[in-house]
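Pasting a structure here, questions to come.
The first residue in the sequence is number 1, and the count goes up from there.
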Amino acid sequence: MRNIAIVEDEDEAARLLNSYIEKFSAETGQKFCVERFCDAGQFLKEYKAKYALVFMDIQMPGLDGMSASVELRKLDKTISIIFITNLIQYAQKGYEVDAVAYILKPVQYYDFALKFRKALDIYVMNEKQDITLITAEGPCRISSDKLIYVEIVRHRLYYHMVDGVVEKTGVLSQVEEQLKKFGFLRCNQCYLVNPRFIVGVKGSSVQLGTETLAISRPRKKVFMTELANWYAGQEDRK
């Protein structure tokens, strides 16, 4: 069963979305638990990283849906977001928060079903890559596919994502055990790197996109062997 949130201040619009979810469930056999929130502030205040998808109305009194989604992304990097809006120009800004899709009001079932299915497929595809971190602000869910590297500085862990940085206290060796199944490699005492983002190794440095990290002399041989094994494993999967 998937948890779905509807953040919508208009009762009729919320009822319509809920009826469409029920219809989709009957057609596909998938089960959903739906929770409705009347305003975005309430949704964020009570937020728990348990939802597969949120239908977020953009135009709401108080905190609007776009601003709420910016805050939501600080708590959950993996939840699928579908914007509901009256105006297409608002919808286009949704890509700034990695929204899956937008649906224009009045919502039609065909458009709803098409985009709901897409959002669920994306969530299921990423679900096995999810990691939940306990930060000072509360639980934060991230995807290992979007995690470039982890850095430790004076007992503070910094998870460098493609769309920001998540910070928490911890021990890098424990993170290494957690991320080993995703292929992460330690290049020195301070960094764990995601080989998917490695674009090159030159001398004692590894290039991850625009970032250049040092490879320690004691780790160099092991790191290069592990990286070669990872590449070989990727070829075997093709």
Side-chain angles (χ1 to χ4, degrees), residues 47-50 69-81 95-100 122-238:
Y47 189 77
K48 295 179 181 177
K50 65 178 183 178
S69 295
V70 171
E71 295 304 310
L72 175 60
R73 276 289 176 242
K74 297 177 183 178
L75 303 172
D76 195 331
K77 305 285 188 181
T78 66
I79 185 173
S80 292
I81 300 173
Y95 298 106
E96 297 175 11
V97 291
D98 199 22
V100 172
I122 290 173
Y123 179 80
V124 170
M125 181 177 63
N126 293 330
E127 190 174 22
K128 292 182 181 179
Q129 307 299 321
D130 287 359
I131 304 165
T132 299
L133 306 177
I134 306 301
T135 71
E137 290 75 30
C140 175
R141 190 166 59 185
I142 67 173
S143 171
S144 65
D145 279 350
K146 295 184 178 182
L147 176 58
I148 304 171
Y149 68 97
V150 183
E151 175 185 17
I152 189 163
V153 180
R154 296 178 182 176
H155 307 293
R156 297 293 297 175
L157 292 166
Y158 297 88
Y159 290 73
H160 294 264
M161 312 290 297
V162 295
D163 54 357
V165 179
V166 177
E167 179 183 349
K168 69 183 293 289
T169 57
V171 179
L172 194 62
S173 58
Q174 294 178 353
V175 179
E176 185 175 15
E177 284 299 312
Q178 182 186 28
L179 297 180
K180 188 179 294 183
K181 63 183 177 181
F182 301 118
F184 280 70
L185 308 174
R186 187 192 282 256
C187 62
N188 64 35
Q189 292 301 307
C190 300
Y191 302 115
L192 285 171
V193 301
N194 188 341
R196 293 170 178 81
F197 289 94
I198 293 177
V199 296
V201 176
K202 185 176 182 180
S204 296
S205 299
V206 56
Q207 188 80 28
L208 295 100
T210 59
E211 296 273 2
T212 301
L213 306 180
I215 306 172
S216 67
R217 184 176 297 176
R219 288 290 307 172
K220 178 70 179 289
K221 184 177 180 180
V222 174
F223 176 77
M224 295 305 295
T225 299
E226 291 176 341
L227 182 59
N229 290 339
W230 182 83
Y231 281 127
Q234 294 300 108
E235 288 297 321
D236 290 343
R237 293 188 185 97
K238 291 181 179 178

side-chain contact (heavy atoms from CB on, under 4.5 Å) assessment of L172 paired with Q174: CA-CA 5 Å; L172 194 62; Q174 294 178 353; over 6 Å; no
Value rounded to 0.5 Å, distance of CG in L213 from CG in N188: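 If I round to the nearest 0.5 Å, the distance is 7.5 Å.
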I152 side chain near Y158 side chain, heavy-atom distance below 4.5 Å: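 I152 does not reach Y158 side chain to side chain.
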Within 6.0 Å of CD in Q207, more than 12 heavy atoms from elsewhere: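 Atom CD in Q207 is packed in, count exceeds 12.
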Reported CG-to-OH distance for the pair D130 and Y123, which is rounded to 0.5 angstrom: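 Those atoms lie 5.5 Å apart.
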Step-by-step side-chain contact (heavy atoms from CB on, under 4.5 Å) determination, L179 to I131: CA-CA 9 Å; L179 297 180; I131 304 165; 3.2 Å; yes
Heavy-atom closest pair, residues T78 and S143: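 Shortest heavy-atom contact: CG2-N, 3.4 Å.
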Minimum heavy-atom distance L147-F184, with the two atoms named: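 Where L147 meets F184 most closely, the heavy atoms are O-CZ, 3.6 Å.
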NZ/NE/NH1/NH2 to OD/OE distance under 4.0 Å, D98 and K146: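 Yes, D98 and K146 are salt-bridged.
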Spacing of OG belonging to S144 relative to CD belonging to Q178, to within rounding of 0.5 Å: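 Going from the OG atom of S144 to the CD atom of Q178 covers 9.5 Å.
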Backbone of D145 reached by a side-chain donor or acceptor of N194 within 3.5 Å: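 No, N194 side chain to D145 backbone: no donor-acceptor pair under 3.5 Å.
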Heavy-atom closest pair, residues V199 and G209: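 In terms of heavy atoms, the two residues are closest at CG2-N, 4.0 Å.
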Residue K48 excluded, over 12 heavy atoms near NZ under 6.0 Å: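 12 or below, so no.
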Heavy-atom pair of closest approach, residues A214 and C187: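 That would be O-SG, 3.4 Å.
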Spatial distance of atom CD (Q189) from atom CZ (R186) [nearest 0.5 Å]: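 Going from the CD atom of Q189 to the CZ atom of R186 covers 5.0 Å.
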NZ/NE/NH1/NH2 to OD/OE distance under 4.0 Å, E226 and R219: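 Yes, this pair counts.
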Between CD1 on residue I134 and NZ on residue K168, distance to nearest 0.5 Å: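 With rounding to 0.5 Å, CD1 (I134) is 7.5 Å from NZ (K168).
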Partner of H160 by ring-ring contact (aromatic ring centres under 6.0 Å, His included), out of Y149, Y191, F197: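 The residue from Y149, Y191, F197 that satisfies ring-ring contact (aromatic ring centres under 6.0 Å, His included) with H160 turns out to be Y149.
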Worked verdict on Y159 versus V165 for side-chain contact (heavy atoms from CB on, under 4.5 Å): CA-CA 5 Å; Y159 290 73; V165 179; 5.8 Å; no
Under 3.5 Å donor-acceptor, R73 side chain and I79 backbone: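 Answer holds: yes.
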Separation between NZ of K74 and SG of C140, rounded to the nearest 0.5 Å: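 With rounding to 0.5 Å, NZ (K74) is 11.5 Å from SG (C140).
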Donor + acceptor pair across side chains of R141, T132 (<3.5 Å):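 Side-chain D/A pair, R141 to T132: absent.
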Donor-acceptor pair, side chain of K180 and main chain of V175, under 3.5 angstrom: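 A pair under 3.5 Å: no.
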Non-hydrogen side-chain atoms of E151 and V153 separated by less than 4.5 Å: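 When only atoms from C-beta onward are counted, V153 and E151 do touch, with a gap below 4.5 Å.
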Which atom of L185 lies closest to which atom of P195, heavy atoms considered: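 That would be CD1-CB, 4.4 Å.
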Test applied, side chain to side chain contact (heavy atoms under 4.5 Å, CB included); reference residue, V193; option that passes from V150, L208, I148: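 Only match with V193 under side chain to side chain contact (heavy atoms under 4.5 Å, CB included): L208.
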side-chain contact (heavy atoms from CB on, under 4.5 Å) assessment of R156 paired with T169: CA-CA 5 Å; R156 297 293 297 175; T169 57; 2.6 Å; yes
